[in-house]
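Take a look at the structure set out below.
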2 protein chains.
Amino acid sequence: MTRSEENYLKTIFHLGSGDDVSINTNAIAEQMETKPSSVTDMAKKLAEKGLVNYKKYQGISLTDAGVKTALSIVRKHRLWETFLVEKLDFAWDEVHEVAEQLEHIKSEKLIDKLDQLLQFPKYDPHGDPIPGKNGEFQEHNKDLLSELPVGAHGICVGVKDSSSAFLQYLDKHEISIGKPIQILGKEAFDGSLHLKIGEREHMVSHQIACNIYLK
Amino acid sequence: MTRSEENYLKTIFHLGSGDDVSINTNAIAEQMETKPSSVTDMAKKLAEKGLVNYKKYQGISLTDAGVKTALSIVRKHRLWETFLVEKLDFAWDEVHEVAEQLEHIKSEKLIDKLDQLLQFPKYDPHGDPIPGKNGEFQEHNKDLLSELPVGAHGICVGVKDSSSAFLQYLDKHEISIGKPIQILGKEAFDGSLHLKIGEREHMVSHQIACNIYLK
DNA sequence: AACTATTTTTAGATTTGCCTAAATTTTATT
DNA sequence: AATAAAATTTAGGCAAATCTAAAAATAGTT
Ligand SMILES: [Mn+2]
Ligand SMILES: [Mn+2]
Ligand SMILES: [Mn+2]
Ligand SMILES: [Mn+2]
């Protein structure tokens, strides 16, 4: 399994939300910052190896073997991100790029030992579930802040957007995983929310609310 | 800097013992398990980038920039090996392969933080010195067991051969870094040594003695 | 249904790193 | 010094992963 193949599988997995939905060539190309023709080439190769279902012009989906492989890469990615934050004091907006590299290291023992060192974490620094050795994982049953009614309250358990810019915005406004959040009011005009975050009160735009998960 | 380029620089560095000795094309090819013609190709590329001195048929040596790059890769390799042993309970004969992959991860912050987590180690699990951020390192002033006279004693501070087979031999005979060793006698015929290792006595062949460093 | 726009695939080229086989240069031996 | 052996380089080619440009298929619109 080459690094490129692994990255394609992971991208297809994420675009399909793990289910075996059929994904567009263009969507994959955009996500991977490559050209559709390159995606077609790789689709053929992965189909050859039994990792994706591919019929010309019909889109691409992962086979069971493909899902299994994708999950093992996601597992590595999220374990490494957790390691970087927990053991090396990285901020949660600094880990993704490095984990993109580390996820391709080939050593079963390494990842098992890492899991053990971290005491078998269930969620990564962004609240995303970490698949176990056999691919099983527990997704929080969470809701987008933007979809909850006024008066709702809960604990922040994750973020949808993991970009550095968004995470730094959250840091600046002291929003982090584990923080209790209550919706005090909603602006009808633009959907912006009046929140109570811990002890403080804050206004956040609709766009922000669309990227915060509450439980 | 590609992974392949980094591996060539590291190999040239090791074959030249760090000095700017001129290395044979064939020696590099053998060490890297590749063909001499591939080495020639890479020599041209690295020379182009100012990392090696290369004139046709004259052998290859590292420039100052090349040494600096090689040292930074060696630093990463040895820090990762130390991490694997100290934090993930790998045996010293299991770390090299994985470190071969990890040494190519690109993140200055990662390696600095790893260094810190390990409390700035000076030597790796095989007794080899770990270069600092600026390439400086302290080599033990050590001697090969095979070159010491009868009666000599000291502490095992390193191994020359880091192969799994050799390290497992040492484990089996309870020879490890830090162990006191004394030469009780030497067999004139085959150069094998009668040793006191800790509290035990052992015979080791000349070949073994050629791969253990004492201080 | 016919036409247009979009998506997707094909064809052909490029780069990196490697290979084999042949040519060249250097080194060792008569 | 001539010749043989060994080391090294060149020439040409291949596979992976990408690209551009053109062709083909699908989807959307009058
Ligand atoms: Mn990530
Ligand atoms: Mn990746
Ligand atoms: Mn090593
Ligand atoms: Mn390497």
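We name chains A, B, ... by the order of the sequence lines, and we start the count at 1 in each one. Keep in mind that this is a model prediction, so the values were computed, not measured.
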Please tell me if [X] has a side-chain N or O lying less than 4.0 Å from either OP1 or OP2 of [N].
X	N	answer
A:K44	C:dT10	yes
B:Y8	C:dT16	no
B:Y54	D:dT8	no

Would you mind reading off the distance between [X] atom [atom1] and [N] atom [atom2], rounded to a whole angstrom?
X	N	atom1	atom2	result
A:E30	C:dT6	CD	P	15 Å
A:N26	C:dT8	CG	P	4 Å
B:M32	C:dC19	CE	C1'	15 Å
A:K55	C:dT8	NZ	P	16 Å
A:E33	D:dC19	CD	P	10 Å

Query raised in the report: More than 12 foreign heavy atoms under 6.0 Å from CD of A:E187: is that the case here?
Result: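 Enclosed: over 12 neighbouring heavy atoms sit under 6.0 Å from CD of A:E187.
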
Output all residues satisfying side chain to side chain donor-acceptor pair (under 3.5 Å) with [X], sequence neighbours left out; order by chain, then residue number.
X	answer
A:S4	none
A:H104	A:E6, A:N7
B:Q168	B:D93, B:S164

Query raised in the report: Partners of A:E86 by side-chain contact (heavy atoms from CB on, under 4.5 Å), sequence neighbours excluded?
Result: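 Once residues adjacent in sequence are excluded, the partners of A:E86 under the side-chain contact (heavy atoms from CB on, under 4.5 Å) criterion are A:T82, A:L118.
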
Requested in this report: List in chain and number order the residues that pass side-chain contact (heavy atoms from CB on, under 4.5 Å) with A:S176, two or more places apart in sequence or in another chain; answer none if no residue qualifies.
Outcome: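 Per chain and number, A:S176 pairs via side-chain contact (heavy atoms from CB on, under 4.5 Å) with A:K179.
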
Contacts table for residues 50-62 of chain B: side-chain donor-acceptor under 3.5 angstrom, sequence neighbours left out:
residue, atom, partner, partner atom, Å
B:N53, OD1, B:S61, OG, 3.2

Report task. Establish, for the pair B:K160 and B:Y213, whether the NZ or CZ atom is under 6.0 angstrom from the six-membered ring centre and no further than 45 degrees off its axis. Result ->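 Ring-cation test returns no.
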
Provide a list of protein-nucleic acid N or O atom pairs under 3.5 angstrom, restricted to nucleotides 22-28 of chain D.
residue, atom, partner, partner atom, Å
D:dA25, O4', A:Y57, OH, 3.3

Requested in this report: Please list, by residue number, the residues of residues 34-43 of chain A whose heavy atoms come closer than 4.0 Å to an atom of DNA chain D; answer none if no residue qualifies.
Outcome: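 Nucleic-acid contacts, sorted: A:T34, A:K35, A:S37, A:S38, A:D41.
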
Distances under 3.5 Å between protein N/O atoms and the N/O atoms of nucleotides 14-16 of chain D, please, pair by pair.
none

Query raised in the report: Pairs in or reaching into residues 120-140 of chain A: which pass ring pair (Phe, Tyr, Trp, His ring centres under 6.0 Å), with residues at least two apart or in two chains?
Result: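 Sorted pair list: A:Y123-A:H140.
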
Query raised in the report: According to the salt bridge (Lys or Arg N to Asp or Glu O under 4.0 Å) rule, which pairs have a member within residues 131-141 of chain A, sequence neighbours left out?
Result: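 For residues 131-141 of chain A: A:E108-A:K133, A:D112-A:K133, A:E139-A:K142.
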
Query - Pair listing, salt bridge (Lys or Arg N to Asp or Glu O under 4.0 Å) test, anchored in residues 120-132 of chain B, at least two apart - result: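 Matches after skipping sequence neighbours: B:R78-B:D124.
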
